[in-house]
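A short write-up of the structure that comes next.
In what follows, residues are counted from 1 in the order of the sequence shown. Just so it is clear, the model here is predicted, and its values are computed rather than measured.
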Amino acid sequence: MLHMQDIDLNNKRVFIRLDLNVPLHNGKITSSERIDRAIPTIKLALKKNAKIIIASHLGRPKENQYDKKFSLFPVFKYLQKKLYGINIIFLQDYLQGVSIESNQIAVLENVRFNPGETKNNEQLSQKYANLCDIFIMDAFATAHRVESSTYGICSFVKKSCIGPLLYSEIKTLKRIFHKSQHPITTVIGGAKVSTKFKLLSSLLKITDNMLVGGGIANTFISAFHSVGRSLHEKNFKKIAKKLYETKKIFLPIDSLVSTSYSITSTAQEKLISNIMPNEEILDIGNKTIQNYTKKIQKAKTIIWNGPMGVFEFPNFRKGTREIAQSIANSAAFSIAGGGDTIAVIDLFNLKNKISYISTGGGAFLEFIENKTLPILKKLKY
Ligand code: AMP
């Protein structure tokens, strides 16, 4: 496999796929970790005198439909500040060609606005390939997705290689999982229920116990009780029951609910068996926090992905904060991954207390499951 470090990039047009999918609130970046972790790659390309094209997605916009909410412009502004003095431009129309000089950086608008990106469309992959001489894949957090800018482009470009961040993430994760000590406790939450649910059975194989929160927990709970209007996946009830039979899964026994979903919503504590049709579960309750904390204290290795509740709303932040703090304070080796998980770590100032923070969420879980990722096979790793 070719590494970016070992390739001559002098005057070459390089298409660097990064994952700059950072959380934004009212157009402001709330956690810059993913961008900060990508900056050494950009600096390496500058040192090598390349003509640099940077591509990333942001969120999940509808294709072929510009929506300011999903624009990479705030990310471009952040990069401009961080790379002060460098000639850096932002391009909205780029599929027909990019005019760029050595040591200049062009940041492309969100690739997911392009029709076909998420379906790995061949014509689109070819268009990306036409923009460059070399493709550098360095988007670990999107490396589990087979899309035009992360995977398809490889089939059409003259040369492809792996970037330093992607390489260091997989190397570190491999080393960690080779040596991890039991008990291994997995803490899983968040809203990407269907993506994560598919990975749970493999995660359970390497885990001694799994503490579940967020939309994932609601899906498990819905197999046994009514969850009202809570975020959950109806189609996974059967699988949820089956996974629960492993006896490794721990579910909330109480929760904070609301009849509305907004930043000013007030919270009511309720037993899980008592949720009304007009209520939605937005956080775990106090007894659940206590139960989960006890398990965390006994763990030797902790794998954490996803918040326990809607931590963006102050009244539903406690569960995520308390669990994050117990993970941070535990003596276990803790591995956390994912955009929102990083945002939680930033919010509660716990960065220095987590043993390893991966930029990937889904990619991190899928890599744990399969020990590889589609793009790595393509790059012959
Ligand atoms: P993920 O990217 O899958 O880690 O999901 C993170 C998102 O999950 C955050 O934006 C949270 O607000 C959201 N979330 C966590 N718990 C819940 C819940 N009970 N209901 C709705 N959204 C939730």
Side-chain angles (χ1 to χ4, degrees), residues 60 118-119 144-146 177 183-259 261 270-285 287-289 291-292 295 299 302-310 316 319-320 323 337-338 340-341 360-374:
R60 298 175 171 198
T118 56
K119 295 182 193 72
H144 59 315
R145 305 217 181 267
V146 175
F177 289 110
I184 301 177
T185 295
T186 300
V187 179
I188 192 140
K192 291 191 197 92
V193 181
S194 53
T195 315
K196 293 184 191 178
F197 228 85
K198 290 178 195 140
L199 304 173
L200 293 185
S201 59
S202 342
L203 264 178
L204 280 166
K205 282 188 199 132
I206 60 154
T207 285
D208 298 298
N209 47 58
M210 184 179 277
L211 316 177
V212 192
I216 318 269
N218 298 346
T219 304
F220 275 104
I221 296 165
S222 75
F224 307 100
H225 302 285
S226 159
V227 291
R229 289 179 18 218
S230 308
L231 169 78
H232 70 290
E233 276 282 350
K234 290 189 184 76
N235 299 338
F236 287 108
K237 277 189 200 175
K238 236 172 147 179
I239 309 174
K241 272 194 175 153
K242 202 143 183 78
L243 293 175
Y244 191 70
E245 282 167 14
T246 60
K247 297 201 164 58
K248 290 184 177 180
I249 290 171
F250 292 82
L251 297 178
I253 52 171
D254 56 355
S255 61
L256 298 187
V257 303
S258 175
T259 49
Y261 180 91
K270 281 245 167 145
L271 284 179
I272 263 345
S273 50
N274 220 0
I275 310 298
M276 296 294 131
N278 63 339
E279 291 173 338
E280 61 186 303
I281 302 169
L282 297 180
D283 198 4
I284 56 173
K287 287 196 186 77
T288 307
I289 294 174
N291 289 349
Y292 285 9
K295 291 267 175 246
I302 301 166
I303 302 167
W304 171 32
N305 172 267
M308 295 289 100
V310 183
F316 300 93
T320 301
I323 296 305
D340 276 294
T341 312
F364 157 77
L365 295 176
E366 198 165 315
F367 187 74
I368 296 171
E369 178 187 11
N370 297 326
K371 311 279 177 291
T372 186
L373 294 166

Q: Please report the closest heavy-atom contact between Gly338 and Asn305, naming both atoms and the distance.
A: CA-ND2, 4.0 Å
Q | Candidate list Asn209, Val187, Asp208, Ile302, test side-chain contact (heavy atoms from CB on, under 4.5 Å), partner Lys295, passing option | A | Asn209
Q. Any donor-acceptor pair under 3.5 Å linking the side chain of Asn218 with the backbone of Val227?
A. no
(Q) As an exercise, state the distance from CG of Leu199 to CZ of Phe367, rounded to the nearest 0.5 Å. (A) 13.5 Å
Q: For residues Leu211 and Thr185, determine if any side-chain heavy atom of one lies less than 4.5 Å from a side-chain heavy atom of the other.
A: yes
Q) What are the two closest non-hydrogen atoms of Ile206 and Ile184, and how far apart are they? A) O-CD1, 3.3 Å
Q.
Main chain of Ala223, side chain of Tyr244: is a donor-acceptor contact present, judged purely on distance under 3.5 Å?
A. no
Q.
Please determine whether the number of non-hydrogen atoms from other residues, nucleotides or ligands lying under 6.0 Å from atom NZ of Lys371 exceeds 12.
A. yes
Q) Do you know which two heavy atoms are closest between Ile284 and Gly319, and how far apart they sit? A) CG1-CA, 3.7 Å
Q: Report yes if the distance between the aromatic ring centroids of Phe236 and Phe220 is under 6.0 Å, otherwise no.
A: no
Q. Can any side-chain N or O of Thr320 pair as donor or acceptor with the backbone N or O of Pro307 at less than 3.5 Å?
A. no
Q | Check: Thr341 side chain, Gly337 main-chain N or O, donor-acceptor pair, under 3.5 Å | A | yes
Q) Can any side-chain N or O of Lys248 pair as donor or acceptor with the backbone N or O of Leu204 at less than 3.5 Å? A) yes
Q.
To check you understand the geometry: which heavy-atom pair defines the closest contact between Gly190 and Lys196, and what is its length?
A. CA-NZ, 4.0 Å
**Q.** Note, Asn370 side chain near His144 side chain (heavy atom, < 4.5 Å)
**A.** no
(Q) Lys119: which residues meet the salt bridge (Lys or Arg N to Asp or Glu O under 4.0 Å) condition with it, sequence neighbours left out? (A) Glu63
Q. At what distance, to the nearest 0.5 angstrom, does CG of Leu203 lie from CZ of Phe197?
A. 12.0 Å
Q) Who are the side-chain hydrogen bond (donor to acceptor under 3.5 Å, both in side chains) partners of Lys270, not counting sequence neighbours? A) Glu279
Q: Would you confirm whether Thr219, through its side chain, and Gly215, through its main-chain N or O, come within 3.5 Å as a donor-acceptor pair?
A: yes
Q) From His232 NE2 over to Lys234 NZ, what is the distance, rounded to the nearest 0.5 angstrom? A) 5.0 Å
Q: Would you name the heavy atoms of Ile303 and Phe364 that are closest together and state the gap between them?
A: CG2-CZ, 3.7 Å
Q: Give the C-alpha distance, both sets of side-chain angles, the deciding distance and a yes or no for side chain to side chain contact (heavy atoms under 4.5 Å, CB included) between Tyr261 and Leu282.
A: CA-CA 8 Å; Tyr261 180 91; Leu282 297 180; 3.8 Å; yes
Q: May I ask you to decide if Lys287's main-chain N or O and Asp254's side chain share a donor-acceptor pair within less than 3.5 Å?
A: yes
Q) What distance separates Lys192 NZ from Lys198 NZ, expressed to the nearest 0.5 Å? A) 13.5 Å
Q.
Assess, by modelled atom type and distance only, whether the side chains of Thr259 and Asn278 contain a donor and an acceptor separated by less than 3.5 Å.
A. no
Q. Ser255 side chain to Ile272 main-chain N or O, any donor-acceptor pair under 3.5 Å?
A. no
(Q) Is any side-chain heavy atom of Ile281 closer than 4.5 Å to one of Leu256? (A) no
(Q) Measuring from atom CE of Met308 to atom CD1 of Ile188, what distance do you get when rounded to the nearest 0.5 angstrom? (A) 8.5 Å
Q. Where is the tightest heavy-atom contact between Thr246 and Leu243, given as atom of each residue plus distance?
A. OG1-O, 2.6 Å
Q: To the nearest 0.5 angstrom, please state how far the OG atom of Ser230 sits from the CD1 atom of Ile221.
A: 7.5 Å
